[in-house]
Amino acid sequence: MIQEQRHNLPIAKGKDALIEEIRKNDVTVLLGETGSGKTTQIPQYILESGLARNGIIAITQPRRVAATSLAARVSQEQNTHLGDLVGYAVRFDEKHDEQKTKIKYMTDGMLVREMMMQKGLLGRYSVIIVDEAHERTLRTDLLLAKLKEIQRKRNGKARTQDDAEKGKGKEKENNSDDSSNPLKIVIMSATIDAEKFSKFFDNAKILYVQGRQHPVKIYHSATSVLDYTDAALRTFFQIHTDSAPGDVLIFLPGQEDIESLQKSIQLFASQLPVSALGVLVCTMFAAQDHSQNSKAFFPAPSGMRKCILATNIAETSITISGIKYVIDTGKCKEKQYLAKASGGGFDTLLTRDITKSSATQRTGRAGREGPGMCFRLYTEEAFNSMSESGEPEILRCSLTSTILNLKCLGEKLEEMDVMDKPDRDSIASALKTLWLLGAIDASQQITPSGFKMSYFPLEPQYACSIVASSTYSCTSAILDIVSVLSSSSKLFVDISDQREAVSDARKKFRHSSGDHMTVLNVVRAYREIGEGESSKAAKSARKEWCRKHFLNERSLIEACDIRKQLVEVCRRVGMDASAAVKENGKEREEDAVLRSIGHGLAGNSAFLQPDGSYKQVIGQTIVKIHPGSALSEKKVAAIIYDDLMYTNQIYARGVSAISKSFFSSHPVFNQRKA
DNA sequence: GAGCACTGC
C-alpha cells in the first residue's frame with residue numbers, strides 16, 4: 001500500500017534520471033512544487049542507489065515539526081522503526097542511531113550548530129540536502145556558505161563541469177573512496193530563485209520535478225481595494241451565498257484584523273435566514289493558544305461552512321485540509337531589523353504587501369485536494385508589480401549572534417562567501433554590541449568570556465547575563481529568567497475581551513523593579529504548584545493554575561527544557577548553575593539579578609528626560625515603555641529593556657529599572673566617560 | 001494607556 005503510494009508520486013517517474021544527475025554532479029539544484037514528494041523520496045532514492053555508502057544523508061528543514069514528521073513518514077515507508085535507519089535531530093529531541101541511521105532529517109539550526117561547535121568538515125555526512133532553500137532563513141544561508149567551502153576542501157580542488165562529466169562513474173568513485181570523503185549537496189527549492197542557487201554553486205545543474213496541484217482559478221480585483229477587511233467580508237459572503245460547499249481560508253496580516261473580521265462575519269452570519277448554510281469561524285495566529293488554533297483542523301459540522309481567518313501561519317507552517325476557496329488580502333506583517341552603525345537598532349513590524357512567491361503559495365492552498373478558487377483583493381497590476389520573493393533573513397535581522405559564532409571559528413562574516421552580503425551598518429552594529437558585551441575586544445578579537453557566551457544557545461545579550469551572574473552569585477535566578485525570555489511562546493497570554501481579568505491576574509506577580517523580576521516571580525510560583533503531589537495531579541494542577549492566571553504553560557514548559565540545556569552548558573564552561581544569593585535576602589538578590597541582566601542589556605538602556613520621556617543611552621532615540629510592561633506607568637531614572645519594537649511608536653519591551661550608578665561601574669560605560 | 005508575522009540553537 002505504502003509502496004504503491006510511493007510509486008504513484010509524480011517524482012517516481014524521474015527517479016533514475018534524477019539519481020544519475022545527482023551522481024554526476026557535486027551540487028544539484030532541485031526545483032519541485034509542493035506535492036512532488038521530493039522531500040520524502042530523494043533521500044530514499046539516494047540511499048537505494050548506494051551514492052551515500054560511506055556516510056549519512058542529512059536533510060535540513062527550517063522547521064522542527066517538518067523534520068520530525070518527515071522522518072516518521074519516511075521510516076514508515078522504509079518499514080523500519082523511527083530512529084533506526086531513518087532518524088531526526090531537532091533541539092530537545094533527537095532520535096537517531098550512531099551505527100544504523102543513514103537518513104537524518106534535521107533542522108538547519110542543528111546542522112549549523114554542529115558546524116560551529118565541531119569546527120570540522122562534517123565528515124560523517126556524505127550527502128547533505130538543504131530543503132526549502134527558497135525560504136532563505138539566516139541558518140540556511142550560513143549553511144550554504146559553509147557547505148560550499150567544506151565541499152571544496154573535501155572534494156579536492158574545485159572540479160570543473162567537464163571533469164565531472166568525463167568522470168567514469170565507478171572508477172572515480174572508487175578512487176575517491178580511498179583518498180577522500182567527498183560531499184554531495186542537493187539544494188531543494190520551490191520554483192523561484194533557482195538560478196541564484198545555481199550561480200552560487202558555480203552554475204550547478206538545475207533539475208525540475210513536477211508537482212501535483214489541482215487547478216486553482218484566480219480572480220483579481222478590478223479596482224484597487226482600500227479597506228481589505230471590508231472587501232474580505234463581502235467576498236466571503238459572496239462565496240458563501242453563491243458557491244458550492246467547501247471551506248474558505250482568508251489570509252490577513254495580523255491578530256487585530258483577524259479579530260475584527262471574525263466579529264463582522266459572525267454578525268452578518270447571524271442575520272442569514274435559518275435555512276441558509278451556517279458559518280463556523282476559526283481563527284489562527286501564532287499568539288493564540290494552541291487549542292484555539294487547532295479548532296481549525298476539525299471538519300465543520302454538517303450544514304456549516306468553515307471559514308478560517310489566518311495570518312501567514314497557514315501559508316507554509318500549517319496545512320489545513322478541506323480548503324476550496326482562498327481569499328488573499330495581499331498583506332502581511334514582516335519584522336525588519338533596522339541596524340544602526342552606532343550600535344544597537346530596533347525591529348519594525350509593519351503591514352506591507354506580500355511577494356509574488358507568497359501570493360502563489362497562498363493561492364496553492366485552495367488546490368490541495370481538488371480544483372479551487374482564489375480571490376485576490378488586489379488588482380492584477382498590483383500582483384505584477386510585487387517583488388518576486390522576500391528579502392533573505394540575513395539582510396533583515398540582527399547579526400550579533402551569528403558574528404559571535406563565526407568569531408569562534410576565527411571567521412569574519414564580511415569575508416564569507418554568502419549569497420547576499422549584509423550591509424556594513426548591520427555588521428558594524430553587531431560588532432559594537434559584542435564589544436559592549438565584552439565578547440570581543442577593541443581589536444575585534446574574541447575574548448575568553450566571548451567564547452563562553454558562544455556556547456550558550458541564546459542571544460549573546462542573555463548569554464552575557466549568565467556569564468556575568470557568576471560575579472553576583474545569582475546564576476540560578478538568571479537561568480530562570482533567561483529561559484523564559486528565550487522561549488518561543490509568550491509567557492503572558494492576551495485575550496482581548498478579558499483584558500481586565502488578565503491585568504488583575506498579572507498584578508499578583510508584578511515586581512516593582514519591572515519585568516525581569518516579575519518573570520522570576522512567575523517561574524518560582526509555577527514551580528511550587530503541585531509540589532508533593534503525584535505527577536498526574538501535579539500536571540493538572542499546573543495546567544489549571546496557568547489557566548487561572550492567564551499564563552501560557554507552553555512557554556513555562558519550554559523554558560524548563562531550555563533551562564536544563566543551559567545548566568548543562570554552565571557545567572561545560574565551568575560555571576556553578578546553582579549559585580544563588582543567600583545572605584541578606586531579597587533586596588540583595590534583586591540587585592544581583594538586575595546587575596547581571598544589566599550587563600547583557602547595557603546597550604539597551606535609556607535615561608529619563610526632564611520632559612518625562614526616555615532617551616537611549618546609546619543611539620539617542622526617544623523610546624516609550626510598552627503598555628504591557630510592569631513599568632509602563634512609572635517614571636524611573638534609568639531603564640534597561642529586552643528589545644525595541646516600532647509599530648506606531650518605538651516601544652521598549654521587557655523593561656526593568658536600574659540604578660544609574662550601574663553605568664559608572666560598568667567597564668565600557670566607565671571607560672567612555674574617562 | 002495600547003496591540004505583536006514566522007522560525008531556530
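So you know, we letter chains A, B, ... as the sequences are listed, proteins then strands, and number each from 1.
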### Task
Establish, with yes or no, whether the OP1 or OP2 oxygen of B/dC9 is under 4.0 angstrom from a side-chain nitrogen or oxygen of A/Thr107.
yes
### Query
Would you say B/dC4 has OP1 or OP2 under 4.0 Å from some side-chain N or O of A/Lys335?
no
Specify the separation, in whole Å, of atom [atom1] of [X] and atom [atom2] of [N].
X	N	atom1	atom2	answer
A/Asp347	B/dC6	CG	P	15 Å
A/Phe456	B/dG8	CZ	C1'	18 Å
A/Glu393	B/dA5	CD	C1'	12 Å
A/Ile354	B/dC6	CD1	P	15 Å
A/Phe251	B/dC6	CZ	P	12 Å
A/Glu256	B/dA2	CD	P	13 Å
A/Arg554	B/dT7	CZ	C1'	13 Å
A/Leu349	B/dA5	CG	C1'	6 Å

Please output the side-chain donor-acceptor pairs of residues 644-651 of chain A that fall under 3.5 Å, not counting sequence neighbours, one pair per line with the distance.
{"residue": "A/Gln649", "atom": "NE2", "partner": "A/Tyr651", "partner atom": "OH", "Å": "3.4"}

### Test item: side-chain donor near acceptor, A/Ser358 and A/Glu315, under 3.5 Å
yes
### Query
Does the side chain of A/Ser469 pick up a donor-acceptor pair with the side chain of A/Thr475 at under 3.5 Å?
yes
Selection from [options] that lies nearest to any side-chain heavy atom of [X]:
X	options	value
A/Pro457	B/dC4, B/dC9, B/dA5	B/dC9
A/Lys333	B/dT7, B/dA5, B/dC9	B/dA5
A/Lys624	B/dG1, B/dA5, B/dG8	B/dG1
A/Glu633	B/dG1, B/dC9, B/dC6	B/dG1

### Query
Less than 6.0 Å separating the ring centroids of A/His549 and A/Phe509?
yes
Please name all residues satisfying salt bridge (charged side-chain N to carboxylate O under 4.0 Å, His left out) with [X], sequence neighbours left out, ordered by chain then number.
X	answer
A/Arg139	A/Asp108
A/Lys95	none
A/Arg571	A/Glu568

### Task
Return yes if the base of B/dT7 and the side-chain atoms of A/Arg64 contain a donor-acceptor N/O pair under 3.5 Å, otherwise no.
no
#### Entry: Within residues 622-634 of chain A or reaching into it, pairs that qualify as salt bridge (charged side-chain N to carboxylate O under 4.0 Å, His left out) - sequence neighbours excluded
none
### Query
Counting only non-hydrogen atoms, which of residues 564-573 of chain A are less than 4.0 Å from DNA chain B?
none
### Query
Taking DNA chain B as the partner, which of residues 645-656 of chain A come within under 4.0 angstrom of it by heavy atom?
A/Thr647, A/Asn648, A/Tyr651, A/Arg653
Base, sugar-phosphate or nothing for [X]? Non-hydrogen atoms, less than 4.0 Å.
X	answer
A/Leu458	base
A/Val90	sugar-phosphate
A/Phe285	sugar-phosphate

### Task
If a pair satisfies side chain to side chain donor-acceptor pair (under 3.5 Å) and one of its residues is in residues 345-354 of chain A, list it, with sequence neighbours excluded.
A/Lys331-A/Asp353, A/Glu334-A/Arg352
### Task
Could you note down all residue pairs passing side chain to side chain donor-acceptor pair (under 3.5 Å) where residues 450-463 of chain A supplies at least one of them, sequence neighbours left out?
A/Tyr462-A/Asp642
